[in-house]
Q: 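Quick one: structure below, then a few questions.
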Amino acid sequence: MAVSMREVDPVFQGAGQKDGLEIWRIEKLQAVPVPKESYGKFFTGDSYIVLKTTALKNGSFRHDIHYWLGKDTSQDEAGTAAIKTVELDAALGGRAVQYREIQGNETEKFLSYFKPCIIPEEGGVASGFRHAEVNEREHKTRLFVCRGKHTVHVKEVPFARASLNHDDIFILDTKSKIFQFNGSNSSIQERAKALEVVQHLKDTNHDGKCEVAAVEDGKLMADADAGEFWGLFGGFAPLPRKTFSELNGKDFTSTSKLLCVNKGQSAPIDCEILKRELLDSTKCYLLDCGSEIYVWMGRETTLEERKRGGSAAEELLREGNRPKSHIIRLMEGFETVTFKSKFDKWPKKADAVVSDESRGKVAALLKRQGFNFKGPAKAAPVKQEPQPQIDCTGNLQVWRVNGSDKTFLSFSEQCKFYSGDCYIFQYTYPGDNGDECLIGTWFGKKSVQEERSSAISLADKMIESLKFQAVLVRVYEGKEPIEFFPIFQNLVIYKGGTSTGYKKFVSESGIEDDTYSEKGVALFRVQGSGPENMQAIQVDTAASSLNSSYCYILHDGDTVFTWIGNLSSSMDQELAERQLDVIKIDGNQWAMTSQPSKLKPNLQSRMLKEGSEYDQFWKLLGVKSEYGSQKIVRDQESDPHLFACTFIKGVLKVREIFNFTQDDLMTEDIFILDCHSCVFVWVGQRVDTKIRAQALNIGEKFLELDILMENVSRETPLYVITEGSEPQYFTRFFSWDSAKSSMHGNSFERRLSIVKDGVKPRADKPKRRPTTSTHTGRSSVPDKSQRSRSMSFSPDRVRVRGRSPAFNALAANFENPNARNLSTPPPVVRKQVPKPVSPDSSKPTPRTASIAAISSTFERPKATLIPKSIKASPDASKPQIEASKPKLETNAKEINPTKDSQIATSTVEEDVKESQAEGQAGLPIYPYDRLRTSSTNPPTDIDVTKRETYLSLSEFREKFGMTKEAFGKLPKWKQNRLKIALQLF
């Protein structure tokens with residue numbers, strides 16, 4: 001049924017078309033716009049209509065309408081405000097949620113629009129009162145009571161000792177000083193929030209220039225401020241237990257009652273369980289929950305019927321003498337989460353159909369009346385997915401979980417995951433205030449619960465060893481957050497598993513082990529956004545696994561096909577070519593190795609466009625069948641919601657914080673930030689250690705409760721963040737000041753220092769400290785020369801973790817130029833590492849030309865280092881030097897000949913210093929063949945993370961092509977690559 005628009009007030013034209021607040025005051029029974037400079041000023045004798053318009057990420061608007069009634073407003077004004085609210089909702093298309101606000105008992109959502117508080121002034125317009133005018137020369141001493149842990153309710157009370165009590169916070173505003181009296185039963189959080197009101201009074205009534213004092217209940221005359229405070233009340237006197245205090249203005253009832261409204265009269269509906277099927281679209285209903293009454297308006301009801309529904313709710317409150325209960329009116333299809341939670345299994349539905357027809361009728365009506373109404377508008381749509389807010393130039397370490405232990409993965413293996421395994425990764429990267437650290441767990445789809453639990457336990461120990469200064473993230477396969485893939489850059493996920501837990505599960509269950517084998521048939525889906533963010537995911541070898549929006553790689557031993565979907569982009573095809581090199585390297589031993597004879601250089605890939613496949617292709621997939629064409633859609637980020645949490649005896653209770661800011665994060669509490677695609681658990685520094693240990697469990701409970709009723713997955717990425725270690729992908733939801741999270745003291749002490757000093761807080765120490773892991777003996781902090789300040793979301797970033805020219809030269813010595821199409825981009829560096837097939841430890845591997853190439857490339861920026869390997873190399877290394885002679889001679893020509901004597905002199909001096917250092921170090925010397933990782937007779941008394949230090953001076957030069965001192969000056973990542981190539985890592 002269409003809504004009648006005959007009584008829509010033209011003052012509402014253009015309302016709700018932009019993000020922000022709009023306010024009207026009822027004057028002579030008409031709605032009159034309030035100037036923006038007067039927003040937040042309310043008078044006790046007036047009634048107001050407040051519209052909050054919120055622009056959502058999907059480009060639409062959400063509307064909340066509040067009509068506020070002062071304690072001295074007239075009945076006619078209150079009724080007009082209620083009726084005009086319904087008209088405003090009709091002008092907005094009937095999609096707004098409407099709230100009745102009573103002075104002194106406002107909803108937290110309403111108060112959040114006017115932080116830190118509202119303090120109504122005496123007076124009014126149509127009610128017969130005069131607005132009180134502030135006389136700057138005369139300051140009236142006033143006493144206020146403050147209640148609320150997260151949102152502050154402020155009320156002026158008589159300036160008398162009898163107004164004080166032990167439960168609340170009181171603010172005494174005098175001419176020269178503001179006192180805050182903290183009741184002994186008040187919490188730290190309540191005291192801190194009250195200080196925000198003190199700051200507001202200081203700025204508003206004193207131009208920011210007055211003293212502030214905190215008085216503690218029970219300290220008597222212990223200090224001068226307390227003595228001065230009690231002196232204003234005529235001297236100290238004990239406060240009685242039963243004092244001036246009122247309830248929080250909420251009425252409660254044991255059960256919810258549903259009533260149907262017919263011709264303005266409400267009649268109860270007899271039902272034991274509330275179900276959605278009880279609500280008829282042609283009627284209005286009242287849901288009486290005690291502290292609030294919901295007015296549910298069917299989509300097919302008329303405007304007059306909706307007004308009668310609101311009047312019936314008002315009458316119900318008058319009959320029950322419940323003036324402080326809230327009335328919330330909502331339209332069918334736009335119910336709040338709280339309302340839906342009152343019903344048993346409220347059905348999930350698609351997005352509600354927006355009544356643009358109603359708004360169109362309003363526009364036509366207003367135009368006929370001579371008003372220029374632009375009609376419905378939408379917010380500018382935002383990007384579907386934010387860019388990863390993490391620096392991708394850091395240092396990555398990965399472990400695979402085996403039973404209750406973890407096994408460190410080498411550089412060449414850390415980007416190869418199996419769906420049956422669990423992994424732990426530690427990523428250290430440069431942040432705005434020092435190094436930041438992310439420790440995460442990744443659970444494959446077929447991983448066993450035992451190893452998932454072990455992964456969490458091991459990761460918790462790593463976090464604890466870093467004094468909780470690292471962020472913890474729990475990730476499930478297929479639900480990875482946007483920061484995950486850029487960290488790994490090029491990730492391959494195989495089917496099956498290699499961990500002891502997975503193998504045990506396969507053995508005991510008797511299921512077929514589908515672990516990837518290079519000799520078997522395998523199908524990989526290629527995905528990603530670019531060379532720095534690409535993945536190859538092994539899927540079931542069947543035609544149904546194909547998708548026209550992707551590219552695939554199918555291989556069976558020596559046979560490789562690249563399948564190009566018709567809907568795939570040019571970037572998808574480029575990534576497929578890059579991943580083809582990676583798959584070859586992983587599956588067919590095309591990596592750098594000491595046994596090139598084991599390679600398969602004749603392996604070729606055949607490109608197949610969708611629709612032109614060979615019979616052999618379909619034969620490998622079993623049988624030709626239908627497949628999809630839509631891109632796999634991951635959970636999209638929605639508008640964030642912040643919740644304050646209490647966790648007592650395993651029971652989680654949450655309370656939403658509306659229009660949140662950084663100041664809402666209290667150091668004594670735990671908060672949850674839910675943006676749908678991921679959930680953040682923020683833990684304050686002052687949280688009890690036992691509760692802190694339950695942070696991840698609290699996040700799990702939150703996902704289980706599904707507070708927002710969005711059918712959120714239990715596998716949603718879950719972050720645990722400790723105060724002071726907030727990463728940028730968390731702080732982007734706030735206007736963040738890192739100095740605040742670095743302050744010492746509890747919430748009240750921090751806020752008091754800000755209010756007294758009148759300046760922003762200063763951190764006593766840096767936000768970050770260098771993070772070092774002791775789990776592998778390797779530093780988790782990358783060398784400064786390795787870092788680039790370019791972030792992953794910068795379009796012109798520098799990829800310092802990409803493949804270096806030296807490694808291109810190194811790979812070229814092992815690759816056959818005919819083995820792949822010359823147009824194929826070079827392989828990614830992460831896979832170009834040595835992987836010996838069957839090393840012969842009895843024969844030392846000589847220094848090859850490729851090692852010379854990589855060494856000379858690393859040395860090239862420093863000209864003085866180039867000739868050192870020539871001058872200092874012993875006779876035993878002459879063949880190798882001859883092999884690289886043409887390249888070195890070319891470099892020598894670039895050196896200024898006038899400096900040759902200086903170079904020679906410096907080289908001799910370094911030789912002498914190094915010889916002396918080697919003699920003083922006292923380290924044992926071992927031959928290269930025993931120090932290799934593949935040695936069958938390794939020494940037992942060495943530090944395995946520094947194998948190269950046990951080489952003799954001459955053999956070190958032979959293998960590395962430089963002195964030990966020169967090697968020590970190289971960045972860690974260059975050292976590691978050289979050590980990997982020489983099997984010393």
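Sequential numbering from 1 along the given sequence is applied to the chain's residues.
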Q: Strictly distance-based, threshold 3.5 Å: is any side-chain N or O of E190 a donor or acceptor partner for the main-chain N or O of S187?
A: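 Pair found, side chain donor or acceptor close to backbone of S187.
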
Q: Can you name the nearest heavy-atom pair linking L708 to H641, along with the distance?
A: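 Shortest heavy-atom separation between L708 and H641 comes out as CD1-CD2, 3.5 Å.
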
Q: Are any of the side-chain nitrogens in K193 or E196 under 4.0 Å away from the carboxylate oxygens of its partner?
A: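 Looking at E196 together with K193, the answer is yes, because their closest N to O distance falls below 4.0 Å.
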
Q: Would you give the length of the straight line joining atom CD of Q694 to atom CG of L652, rounded to the nearest 0.5 angstrom?
A: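 If we round to the nearest 0.5 Å, Q694:CD and L652:CG are 11.5 Å apart.
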
Q: Would a distance-only check, ignoring hydrogens and angles, find a side-chain to backbone donor-acceptor pair under 3.5 Å from K701 to K653?
A: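 Not confirmed, K701 side chain does not pair with K653 backbone.
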
Q: Could you walk me through whether N697 and E700 pass the side-chain hydrogen bond (donor to acceptor under 3.5 Å, both in side chains) test, one step at a time?
A: CA-CA 5 Å; N697 188 29; E700 298 275 7; over 6 Å; no

Q: When you compare the side chain of I672 with that of C645, does any pair of heavy atoms fall below 4.5 Å?
A: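 When only atoms from C-beta onward are counted, I672 and C645 do touch, with a gap below 4.5 Å.
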
Q: Quick one, V97 and I65 - any side-chain contact, counting heavy atoms below 4.5 Å?
A: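 No, every pair of side-chain atoms sits at 4.5 Å or beyond.
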
Q: As a quick check of understanding, evaluate side-chain hydrogen bond (donor to acceptor under 3.5 Å, both in side chains) for S47 and T73, giving each step before the final call.
A: CA-CA 6 Å; S47 297; T73 190; 2.7 Å; yes

Q: After noting the C-alpha distance and the side-chain angles of Y67 and R100, does the key distance pass the side chain to side chain contact (heavy atoms under 4.5 Å, CB included) rule?
A: CA-CA 5 Å; Y67 60 103; R100 173 180 179 264; 3.4 Å; yes

Q: Do the rings of F343 and W346 sit parallel, tilted or perpendicular, given the 30° and 60° boundaries?
A: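 The arrangement is perpendicular - the two ring planes meet at more than 60°.
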
Q: Go through the steps for V295 and I328 under the test side chain to side chain contact (heavy atoms under 4.5 Å, CB included), then give the verdict.
A: CA-CA 6 Å; V295 181; I328 303 172; over 6 Å; no

Q: Specify the closest pair of heavy atoms between E77 and L29, including all atoms of both residues, with the distance to one decimal.
A: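 Closest approach of E77 to L29: N-CD2, 4.3 Å.
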
Q: Could you tell me which non-hydrogen atom of V712 sits nearest to which non-hydrogen atom of H676, and how far apart they are?
A: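 Heavy atoms only, the tightest pair is CG2-O, 4.4 Å.
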
Q: Heavy-atom distance under 4.5 Å between the side chains of I118 and V154, does that happen here?
A: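 Not in contact.
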
Q: Return the CG to CG distance between N185 and D167, rounded to the nearest 0.5 Å.
A: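 Those atoms lie 5.0 Å apart.
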
Q: Is the distance between the ring centroids of Y113 and H66 less than 6.0 Å?
A: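 Centroid distance Y113-H66: below 6.0 Å, so yes.
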
Q: Pick one: which of F43, W24, F110, F42 meets ring-ring contact (aromatic ring centres under 6.0 Å, His included) with Y48?
A: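 Answer after filtering F43, W24, F110, F42: F42.
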
Q: Are D64 and K52 ion-paired here, with the side-chain N under 4.0 Å from a carboxylate O?
A: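 No, this pair does not count.
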
Q: List the atom of S256, the atom of L287, and the distance in Å for their closest heavy-atom pair.
A: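 Looks like CB-CD1, 4.1 Å.
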
Q: Do the side chains of K275 and E277 get close enough for a salt bridge, i.e. N-O under 4.0 angstrom?
A: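 No salt bridge links K275 with E277.
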
Q: Any side-chain donor-acceptor pair under 3.5 Å between H150 and E108?
A: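 Per modelled atom types, H150 and E108 side chains form no pair under 3.5 Å.
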
Q: To the nearest 0.5 Å, how far apart are OG in S747 and CG in D669?
A: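 Output value for this atom pair is 7.0 Å.
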
Q: With side chains defined as the heavy atoms from C-beta onward, is the minimum distance between T282 and T301 less than 4.5 Å?
A: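 They are not in side-chain contact.
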
Q: Tell me whether K283 at atom NZ has more than 12 heavy atoms from other residues, nucleotides or ligands lying less than 6.0 Å away.
A: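 No, NZ of K283 has 12 or fewer neighbouring heavy atoms, counting only those of other groups under 6.0 Å.
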
Q: What pair of heavy atoms forms the shortest contact from Q180 to V198, and how long is it?
A: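 Closest approach of Q180 to V198, heavy atoms only: OE1-CG2, 3.4 Å.
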
Q: Could you check whether atom CD of E710 has more than 12 heavy atoms from other residues, nucleotides or ligands sitting under 6.0 Å from it?
A: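 Result for CD/E710: enclosed.
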
Q: Going through the distances and angles, do S74 and D76 end up as a side-chain hydrogen bond (donor to acceptor under 3.5 Å, both in side chains)?
A: CA-CA 5 Å; S74 68; D76 290 340; 5.4 Å; no

Q: Are the side chains of L274 and D344 in touch, meaning some heavy atoms are under 4.5 Å apart?
A: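 A side-chain contact under 4.5 Å is absent here.
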
Q: With the threshold set at 4.0 Å, does a side-chain nitrogen-carboxylate oxygen contact exist between D89 and K307?
A: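 Salt bridge: no.
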
Q: Any Lys/Arg nitrogen of E305 or R308 sitting under 4.0 Å from an Asp/Glu carboxylate oxygen of the other?
A: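 No, this pair does not count.
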
Q: Do we see a donor-acceptor contact under 3.5 Å between the side chains of Q636 and S677?
A: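 There is no such pair (donor and acceptor under 3.5 Å, judged by atom type) between the side chains of Q636 and S677.
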
Q: Evaluate the side-chain hydrogen bond (donor to acceptor under 3.5 Å, both in side chains) criterion for residues E335 and W296: first the C-alpha distance (whole Å), next the side-chain angles of each, then the deciding distance (0.1 Å), finally the verdict.
A: CA-CA 8 Å; E335 297 87 354; W296 185 89; 2.9 Å; yes

Q: Looking at every non-hydrogen atom in both residues, tell me the closest pair between M666 and A192 and how far apart they are.
A: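 Taking M666 first and A192 second, the nearest heavy atoms are CE-CB, 4.1 Å.
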
Q: Does the side chain of E332 come under 3.5 Å of the side chain of S281 through a donor N or O and an acceptor N or O?
A: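 Present: a donor and an acceptor within the cut-off.
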
Q: Would you check if D46 and L69 make a side-chain contact, meaning some heavy-atom pair closer than 4.5 Å?
A: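 Sidechains of L69 and D46: no contact.
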
Q: What's the verdict on side chain to side chain contact (heavy atoms under 4.5 Å, CB included) for F170 and L143, showing C-alpha distance, side-chain angles and the deciding distance?
A: CA-CA 7 Å; F170 292 85; L143 181 65; 4.1 Å; yes

Q: With E101 as reference, evaluate T107, V50, L111 under the side chain to side chain contact (heavy atoms under 4.5 Å, CB included) test and give the passing residue.
A: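 Between E101 and the candidates, side chain to side chain contact (heavy atoms under 4.5 Å, CB included) is satisfied uniquely by T107.
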
Q: For the CG atom of L92 and the CE atom of M331, what is their distance to the nearest 0.5 Å?
A: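 Those atoms lie 11.0 Å apart.
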
Q: Report yes if some heavy atom in the side chain of L330 is under 4.5 Å from a heavy atom in the side chain of T336; otherwise report no.
A: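 They are in side-chain contact.
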
Q: Would you kindly say whether D663 and T661 are connected by a side-chain donor-acceptor distance under 3.5 Å?
A: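 Result is no, nothing qualifies.
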
Q: Tell me, with the steps shown, if K155 and D168 meet salt bridge (Lys or Arg N to Asp or Glu O under 4.0 Å).
A: CA-CA 12 Å; K155 179 181 179 180; D168 298 318; over 6 Å; no

Q: Do other residues, nucleotides or ligands put more than 12 heavy atoms under 6.0 Å from the CD atom of E319?
A: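 Enclosed: over 12 neighbouring heavy atoms sit under 6.0 Å from CD of E319.
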
Q: Assess whether a salt bridge exists between D639 and K57, defined as any Lys/Arg side-chain N lying under 4.0 Å from an Asp/Glu carboxylate O.
A: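 The answer is no: the pair does not qualify as a salt bridge.
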
Q: Would the distance check show the side chain of T204 and the main-chain N or O of H200 forming a donor-acceptor pair, the cut-off being under 3.5 Å?
A: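 The answer is yes, because a donor-acceptor pair under 3.5 Å joins these two groups.
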
Q: Please check if atom NZ in K109 has more than 12 non-hydrogen atoms from other residues, nucleotides or ligands closer than 6.0 Å.
A: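 Counting other residues, nucleotides and ligands, NZ of K109 exceeds 12 neighbours.
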
Q: Once rounded to the nearest 0.5 Å, what's the spacing between atom CD of E122 and atom OG1 of T44?
A: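 The CD atom of E122 sits 4.0 Å away from the OG1 atom of T44.
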
Q: If you measure only the distance, is there a donor-acceptor pair under 3.5 Å linking the side chains of Q103 and N105?
A: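 Distance-only check fails for Q103 and N105.
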
Q: Indicate whether any N or O donor in one side chain lies under 3.5 Å from an N or O acceptor in the other, for T53 and D19.
A: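 D19 and T53 do not have a side-chain donor-acceptor pair below 3.5 Å.
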
Q: Rounded at 0.5 Å granularity, tell me how far CG in L88 sits from CD1 in I83.
A: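 It comes to 14.0 Å.
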
Q: Check this for me, if you would: do R142 and E156 make a salt bridge, where the nitrogen-to-carboxylate-oxygen distance has to be below 4.0 angstrom?
A: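 E156 and R142: salt-bridged.
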
Q: Under a plain distance cut-off of 3.5 Å, with no hydrogens placed, do N182 and D217 share a side-chain donor-acceptor pair?
A: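 Checked: D217/N182 side chains show no N/O donor-acceptor pair below 3.5 Å.
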
Q: Given F643, which partner from the list F702, F671, F660 fulfils the ring-ring contact (aromatic ring centres under 6.0 Å, His included) test?
A: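 Answer to the ring-ring contact (aromatic ring centres under 6.0 Å, His included) test with F643 among F702, F671, F660: F702.
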
Q: Assess the residue pair D288 and L259 against the criterion (side chain to side chain contact (heavy atoms under 4.5 Å, CB included)); give the C-alpha distance rounded to whole Å, side-chain angles, the decisive distance to 0.1 Å, and a yes or no.
A: CA-CA 8 Å; D288 187 357; L259 302 93; 4.3 Å; yes

